[in-house]
Trainee: 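Questions regarding the structure given below will be posed in turn.
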Amino acid sequence: MRLEILEYPDKRLRKVSESVTRFDADLSKLLDDMHETMLGAHGIGLAAPQVNRPLRVFIVDLSLQEDEAKVRHEFVNPKISEGTGKISFEEGCLSVPGVGESVNRKKRIRVDYQDRTGKAQVLYAEDLLAVAIQHEYDHLDGILFVDRLSAIKRALVKRKLERQVQL
Ligand code: CO
């Protein structure tokens with residue numbers, strides 16, 4: 001089932017999401033619906049708070065963006081550590097339509113997380129996968145990629161978004 005994606009400036013995007021404690025059929029259904037919603041919107045990542053479920057859950061699937069095998073990355077209760085290097089990539093967000101800006105991120109990260117069954121997992125990611133994970137992780141803390149721009153760029157983007165919303 002496709003879910004509605006909340007868009008800027010919706011205040012629900014600013015909540016800090018809660019950890020998942022139950023690895024049940026509801027969680028599996030949410031993840032399946034998130035994949036369907038993300039693919040339908042041609043995104044490469046989606047976090048649960050973007051579909052109004054304030055849980056520490058997000059998905060990443062780079063197969064739309066890169067010529068690689070389809071891997072449905074699913075992260076529940078993720079923790080990012082060991083960030084090294086720097087990378088800047090033009091990011092967009094399904095919750096901030098019409099905006100693409102470069103954001104500074106770590107080039108390599110380690111992610112400890114649980115899968116949909118609750119099993120502990122570790123992933124070492126770099127480049128676009130690392131960028132996507134950091135972008136989606138921010139959503140769990142109510143942070144949007146535009147928050148990470150310089151003050152001048154942020155002001156320009158904000159003005160553009162306000163104009164869009166008023167149309
Ligand atoms: Co986003």
Side-chain angles (χ1 to χ4, degrees), residues 2-19 34-35 37-68 71-113 123-167:
R2 272 179 78 166
L3 307 169
E4 187 201 346
I5 299 175
L6 304 179
E7 292 185 0
Y8 179 97
D10 196 308
K11 289 200 162 48
R12 290 171 289 182
L13 291 167
R14 297 307 194 170
K15 277 190 203 161
V16 175
S17 292
E18 307 256 330
S19 296
M34 284 172 64
H35 282 292
T37 303
M38 182 182 72
L39 288 176
H42 305 289
I44 61 168
L46 185 69
Q50 291 180 274
V51 291
N52 198 22
R53 296 287 297 272
L55 293 169
R56 301 192 80 80
V57 171
F58 62 78
I59 59 172
V60 174
D61 179 350
L62 299 184
S63 57
L64 266 183
Q65 180 78 17
E66 289 190 331
D67 191 23
E68 59 175 67
V71 182
R72 287 183 155 202
H73 293 287
E74 300 178 343
F75 302 88
V76 180
N77 299 331
K79 285 196 175 64
I80 296 176
S81 60
E82 296 176 20
T84 56
K86 277 185 192 160
I87 187 170
S88 184
F89 206 88
E90 185 171 322
E91 298 183 23
C93 181
L94 294 174
S95 293
V96 192
V99 176
E101 293 288 346
S102 291
V103 181
N104 294 320
R105 303 281 189 187
K106 299 288 188 198
K107 184 173 168 63
R108 282 172 296 271
I109 55 170
R110 169 187 168 134
V111 196
D112 290 85
Y113 63 101
L123 177 72
Y124 292 89
E126 59 179 17
D127 298 326
L128 181 58
L129 181 57
V131 167
I133 289 169
Q134 290 167 85
H135 175 118
E136 300 311 328
Y137 184 91
D138 273 351
H139 279 296
L140 309 185
D141 288 334
I143 297 168
L144 300 175
F145 80 103
V146 291
D147 302 338
R148 296 206 178 273
L149 302 175
S150 68
I152 292 169
K153 261 197 178 168
R154 202 163 56 234
L156 287 169
V157 166
K158 193 161 178 266
R159 217 178 304 154
K160 183 179 174 190
L161 286 167
E162 277 163 4
R163 248 181 272 135
Q164 280 180 350
V165 169
Q166 281 161 9
L167 282 172

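Source: prediction; values computed, not measured.
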Trainee: Nearest 0.5 angstrom please: Leu94 CG to Gln50 CD, how far?
Mentor: 6.0 Å
Trainee: Could you tell me which non-hydrogen atom of Arg14 sits nearest to which non-hydrogen atom of Tyr8, and how far apart they are?
Mentor: NH2-CE1, 4.4 Å
Trainee: Please round to the nearest 0.5 Å and tell me the distance separating atom CZ of Phe145 and atom CD of Gln134.
Mentor: 14.5 Å
Trainee: Taking all atoms of both residues into account, what is the closest heavy-atom pair of Leu13 and Glu7, and its distance?
Mentor: CD1-C, 3.7 Å
Trainee: Could you measure the distance from the OG atom of Ser95 to the NE2 atom of His139? Nearest 0.5 Å is fine.
Mentor: 5.5 Å
Trainee: Quick check: closest heavy atoms across Ser17 and Pro49, and the distance to 0.1 Å?
Mentor: OG-CG, 3.5 Å
Trainee: Between the side chain of Arg105 and the main-chain N/O of Ile87, is any donor-acceptor distance below 3.5 Å?
Mentor: no
Trainee: Measure the shortest side-chain to side-chain distance between His35 and Ile59 over non-hydrogen atoms and say whether it is less than 4.5 angstrom.
Mentor: yes
Trainee: Give a yes or no on whether the backbone of Leu149 and the side-chain of Arg154 come within a donor-acceptor separation of less than 3.5 Å.
Mentor: yes
Trainee: In sequence, state the C-alpha distance, the side-chain angles, and the governing distance for Asp127 and Phe89, and then conclude on side chain to side chain contact (heavy atoms under 4.5 Å, CB included).
Mentor: CA-CA 9 Å; Asp127 298 326; Phe89 206 88; over 6 Å; no
Trainee: Which heavy atom of Pro78 sits nearest a heavy atom of Phe58, and at what distance?
Mentor: CG-CE2, 3.5 Å
Trainee: Would a 4.5 Å heavy-atom cut-off, applied to side chains only, mark Pro9 and Leu161 as touching?
Mentor: no
Trainee: Tell me if the CZ atom of Arg108 is crowded by more than 12 foreign heavy atoms within 6.0 Å.
Mentor: yes
Trainee: Does atom CD (Glu18) have a neighbourhood of more than 12 heavy atoms from anything else shown, all under 6.0 Å?
Mentor: no
Trainee: Could you tell me the separation between the CD atom of Glu126 and the OG1 atom of Thr84, rounded to the nearest 0.5 Å?
Mentor: 9.0 Å
Trainee: What distance separates Ile44 CD1 from Glu91 CD, expressed to the nearest 0.5 Å?
Mentor: 9.0 Å
Trainee: If only atom types and distance count, is the side chain of Thr37 paired as donor or acceptor with the main-chain N or O of Leu3 below 3.5 Å?
Mentor: yes
Trainee: Is a side-chain donor or acceptor of Asp141 paired with a backbone partner of Ile143 at a separation under 3.5 angstrom?
Mentor: no
Trainee: Looking only at atom types and distance, does a side-chain atom of Asp147 sit under 3.5 Å from a main-chain N or O of Leu144, one as donor and one as acceptor?
Mentor: yes
Trainee: Between NE2 of His73 and CG of Leu129, what distance do you get to the nearest 0.5 Å?
Mentor: 4.5 Å
Trainee: Going through the checks in order, is the side chain to side chain contact (heavy atoms under 4.5 Å, CB included) test met by Phe75 and Leu123?
Mentor: CA-CA 10 Å; Phe75 302 88; Leu123 177 72; 3.8 Å; yes
Trainee: Indicate whether any N or O donor in one side chain lies under 3.5 Å from an N or O acceptor in the other, for Ser19 and Arg56.
Mentor: no
Trainee: Minimum heavy-atom separation for Gly83 to Ile109, with atom names?
Mentor: CA-CG2, 4.1 Å
